[in-house]
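Proteins get letters first, then strands, A, B, ... in listed order; numbering begins at 1 in each. On a predicted model such as this, the values are computed, not experimentally measured, just so you know.
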Amino acid sequence: MQNLLHNLNAEQLAAVTLPAQSALILAGAGSGKTRVLTTRIAWLIQTGQVSPSGILAVTFTNKAAKEMLTRLSAMMPINTRGMWIGTFHGLCNRLLRAHHRDAALPQTFQILDSQDQLSAIKRLLKQMNVDDEKYPPRNLMYFINGAKDQGLRAKDVEAHDDYNRKFVELYDLYDQQCQREGVVDFAELLLRTYELLSRNQPLREHYQRRFRHVLVDEFQDTNDLQYKWLKLMSGQGQVDSGAVFAVGDDDQSIYAFRGANVGNMTAFEREFRVQNLIKLEQNYRSHGHILDAANILIANNSKRLGKNLRTDAGHGEQVRIFESSSDLQEAQWIIEQVKNLIAEGWSRSEIALLYRSNAQSRVLEHALFSSAIPYRVYGGQRFFERAEIKHAIAYLQLMDNLHNDSAFLRVVNFPTRGIGAKALEQLQDAARQYNCSLYAAVPYVAGKAGSSLNGFIKLIEGARFETQNLPLQEMVQVVLDASGLITHYQNEKEGADRIENLEQLVSAATLFVSEEGYGLDAPAFLGPQAQAVAGTSITTADGIEIIDADASLTTIMSPLSAFLSHASLEAGDNQAQAGQDALQLMTVHSAKGLEFDAVFITGLEEGLFPHENSAKEEGGVEEERRLMYVAITRARKRLYMSFSQTRMLHGQTRYNMRSRFFDELPDESIKWLSPKIQQQQHSWFAQPKSAWDAAPESGNNKIAQNFSRPDSGWRIGQNVAHAKFGEGVIVNIEGGGGSTRAHINFGKFGMKLLDLSVAKLEKLG
DNA sequence: TCCCCCTAATTTTTT
DNA sequence: ATTAGGGGGA
């Protein structure tokens, strides 16, 4: 015990040893948040206040959950079995599997990832003959997810006009389609669990009695439904409710765009009667100047719970700021600095290049590639999202759940087996007529189409028969061969990588089976061997005794179902190149939670960071500022910030002003590596959105001339006047020779593309 | 059925 | 600049 609390500071110690009541921990960046969370769990158990089964710890990412488990097992000798530690979605999956009957789901229900969900929606729109121009599938998806994230079913959504009524109607139809097919999307996992426990008193009381301590990581990222879910799980408001230990940082709330509601923090304080609000303000990561910059910057936000980080590490170095004339030059400069750092002995993997949007990585990558500096870009495609893997998974899904129409359609003609659009149309008609799945509709299709479809059915059923007693990894191998996927890619000229990936799927299955404790010879199809552990049985309303969703998946899911869940819920690694000591490139969003010795924050320009779209959104700029705060606080020892006067974006050169965030940094903590050019500050910001491409101010004209085309007689940056549109500025020139056209920003008339040989333009200034 | 060309869109991301 | 997706032709 002494050991456990030994290295904590006063704030951390206070948080860890709080009484068993709900508490809010405001944990600043680098303040030892995960440590407090895990030590709290260990302390509760070691002091005998709770048994491991009374713990429910929730995170957002699998990575965070894994990290917590690892640290806990290092801290305590006891096994972590019995503790519920996982993501919201993972825990819900477990609950729904265990109580699938009460949740009205098939035991083998399958989870749609975002791709699957979108294609399910497209399919629905097609079937309903809905114009997907008028009702874009993507928008419908946002609509549905947005509603579910607030805990609303179609019947609960208010629509005030016909357009929205159509969305609501489609939402309802979508849910019906999912139910028919035995599939659930991500938001549904949470909503279904919430509804299950709301309506089923014995189940609800069982879990509420069980979970004495509910701990939540990254609480500022919770959405409305997750908040309600936590209330329900802890039994908030009831006599003997569990205690919720919420850890979060309102200053690092950067996911409002996907439904996160920072307001949950104040709601939590109020509704859970929080007596204990503890701020962790001691930072163990960054040097003083870096921390000062972060503190002063974030102080510009109005809606804050209030917090100020401090460090014992001393001032350290100032933040270095560099202005370049072009994005290419910016990249060159960064590479120079990186080379210097490496020469000084800094480790490549301890240097990060951060940017606001993925598109910005290209220039940096190009420059790094030319300089032969190893780098790694985060955020690419992930293993289970690859097309060939999705195909293989679809075969497995279909074998486990014949009514999954998404899976059916994905592979019915892949590899091609002569089942074209016509045959599928017949099949879909039959399915509609008999209100059944595509699979079940096959016998109703006559003729040539019917026989080719029958061939597919034979294939699936043959594979099912052949693999019924095989362990998962062998089943996967059989499916790869029987489906013809391997043969298909062997015949494709660039199929070698894909085959390699498919082989990796077999390894992934092997690894999964052994890690989850199924045993390498457990048949993949075999149902769970439910075993009642003492205290885990519940008697439901209709008098049936069932086993609760114990921590081990093996008791509630077959290896195949578990593996398919795993494929959806943990899409796998998304790091392009792993292994060697490489520079780290990522968006600021993906950098959250990470730290590096040296950090470059690049592309700090108005329109990019803060992003132009943020100006339109309520609270958008404050969220961008929090994003900037996250970026700054990633750095331990050295921080660089850079911006460029011109930048190639979407094939057009943009003239941006330096980010307003520079003006919010304390002078003492920053050092301009290039002369600070006086710019006209942000007066344009109130102008219409087209003004984002504003012309360079006088101080930048030198640059504009570099990019001009003297032969045309016109140049970028030239001020012009037009009879109808008034005064404007040439932002870009394209073409040349016979037809030269110019993009001209006419302020309130917006951007126009005019032919310079035709348009009557007068040169000004 | 496949392939090529045209168009449109392009903040951030996990599950 | 780049890419994804749709439509039309071979």
Side-chain angles (χ1 to χ4, degrees), chain A residues 58-65 86-93 111-119 122 126 132-133 136-138 142 145 148-149 184-191 193 217-218 221-223 225-226 253-260 327 354-363 365-366 378-382 384-385 387 413-423 492 565-572 574 586-593 603 607-617 620 623-624 626-628 630-631 647-654 732 734:
Chain A
V58 201
T59 64
F60 279 87
T61 65
N62 295 300
K63 196 177 158 204
T87 63
F88 279 102
H89 296 86
L91 296 168
C92 287
N93 181 37
I111 302 167
L112 302 180
D113 66 20
S114 320
Q115 270 180 56
D116 301 334
Q117 188 187 17
L118 189 62
S119 55
K122 284 180 180 165
K126 198 169 250 173
D132 59 2
E133 298 263 290
R138 210 164 271 281
Y142 293 147
N145 290 341
K148 288 190 179 184
D149 284 346
V184 297
D185 59 50
F186 287 135
E188 182 75 19
L189 281 171
L190 275 122
L191 184 51
T193 307
D217 191 19
E218 306 279 16
D221 289 338
T222 51
N223 63 32
L225 178 56
Q226 287 158 338
S253 159
I254 55 174
Y255 285 113
F257 71 92
R258 65 175 198 215
D327 47 353
L354 307 184
Y355 34 82
R356 175 69 234 280
S357 63
N358 285 306
Q360 289 165 249
S361 75
R362 184 165 245 102
V363 198
E365 282 187 73
H366 184 77
Y378 282 68
Q381 200 183 31
R382 303 156 73 183
F384 284 103
E385 289 168 358
N413 198 34
F414 191 94
T416 48
R417 41 179 76 91
I419 301 175
K422 227 171 29 192
E492 209 172 59
S565 296
H566 168 80
S568 300
L569 293 176
E570 305 188 39
N574 60 2
M586 66 194 82
T587 64
V588 180
H589 279 92
S590 19
K592 190 177 161 206
L608 254 188
F609 201 172
H611 196 276
E612 52 195 323
N613 293 358
S614 71
K616 300 179 204 122
E617 286 153 27
E623 177 136 327
E624 295 288 307
R626 290 193 292 270
L627 198 50
M628 182 71 185
V630 168
R647 181 174 300 275
M648 196 63 131
L649 199 65
H650 310 319
Q652 283 203 337
T653 305
R654 295 179 34 139
N732 192 29
E734 58 184 45

Practice task
Assign the ring pair A:His89 / A:Phe186 to parallel, tilted or perpendicular, where the plane angle (0 to 90°) is split at 30° and 60°.
Solution key: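 Perpendicular, since the angle between the ring planes exceeds 60°.
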Exercise for the section: Determine, stepwise, if the pair A:Lys122 / A:Asp132 fulfils side-chain contact (heavy atoms from CB on, under 4.5 Å). Expected result: CA-CA 8 Å; A:Lys122 284 180 180 165; A:Asp132 59 2; over 6 Å; no
Atom [atom1] of [X] and atom [atom2] of [N]: how far apart are they, to the nearest Å?
X        : N      : atom1 : atom2 : answer
A:Lys592 : B:dT11 : NZ    : P     : 21 Å
A:Tyr378 : B:dT12 : OH    : C1'   : 18 Å
A:Glu385 : B:dT13 : CD    : P     : 12 Å
A:Ile419 : B:dC2  : CD1   : P     : 13 Å
A:Arg647 : B:dT10 : CZ    : C1'   : 15 Å

Practice task
Produce a footprint string for nucleotides 1-10 of chain C: one letter per nucleotide, 5' end first; B if the base is under 4.0 Å from any protein heavy atom, S if only the sugar-phosphate is, - if neither.
Solution key: BSS-------
Practice task
Could you pick out which residue, A:Thr416 or A:Thr587, lies toward the 5' side of DNA chain B when each is mapped onto its nearest nucleotide?
Solution key: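 That would be A:Thr416.
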Problem - Toward the 5' end of DNA chain B, by each residue's nearest nucleotide, A:Ala571 or A:Ala421 - result: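 It is A:Ala421, whose closest nucleotide lies nearer the 5' terminus.
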Problem - Contact under 4.0 Å: A:Asn613 side-chain N or O vs B:dT10 OP1/OP2 - result: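 For B:dT10, neither OP1 nor OP2 has a side-chain N or O of A:Asn613 closer than 4.0 Å.
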Exercise for the section: Ignoring backbone atoms, establish whether A:Asn358 has a side-chain N or O less than 4.0 Å from OP1 or OP2 of B:dT13. Expected result: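 Yes, within the criterion.
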Looking at every strand, decide which applies to [X] at a 4.0 Å heavy-atom threshold: base, sugar-phosphate, or nothing.
X        : value
A:Tyr255 : sugar-phosphate
A:Glu133 : nothing
A:Asp185 : nothing
A:Asp221 : nothing
A:Phe257 : base
A:Ser614 : nothing

Handout entry: Candidate nucleotides B:dT12, B:dT14, B:dT1, ranked by approach to the side chain of A:Arg382 - the nearest
Key =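 Of all the options, the side chain of A:Arg382 is nearest to B:dT14.
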Problem - Between A:Gln117 and A:Ser114, a side-chain donor and acceptor under 3.5 Å - result: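 No - no donor-acceptor pair under 3.5 Å links their side chains.
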Handout entry: salt_bridge(A:Arg362, A:Glu365) N-O dist < 4.0 Å
Key =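 No salt bridge links A:Arg362 with A:Glu365.
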Exercise for the section: Output yes when A:Arg382 and A:Asp113 qualify as a salt bridge under the 4.0 Å nitrogen-oxygen rule, no when they do not. Expected result: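 The answer is no: the pair does not qualify as a salt bridge.
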Exercise for the section: Would you please name every residue forming a side chain to side chain contact (heavy atoms under 4.5 Å, CB included) with A:Lys126, sequence neighbours left out? Expected result: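 Applying side chain to side chain contact (heavy atoms under 4.5 Å, CB included) to A:Lys126 gives none.
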Handout entry: side chain to side chain contact (heavy atoms under 4.5 Å, CB included) involving A:Ala423 - partner list, sequence neighbours excluded
Key =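 Once residues adjacent in sequence are excluded, the partners of A:Ala423 under the side chain to side chain contact (heavy atoms under 4.5 Å, CB included) criterion are A:Ile419, A:Ala449.
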Handout entry: Polar pair under 3.5 Å, donor/acceptor by atom type, side chain A:Ser590, base B:dT12
Key =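 Donor-acceptor pair under 3.5 Å: no.
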Problem - Aro-ring/base stack A:His89-B:dT15, d under 5.5 Å, angle under 30° - result: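 Not stacked by the 5.5 Å and 30° rule.
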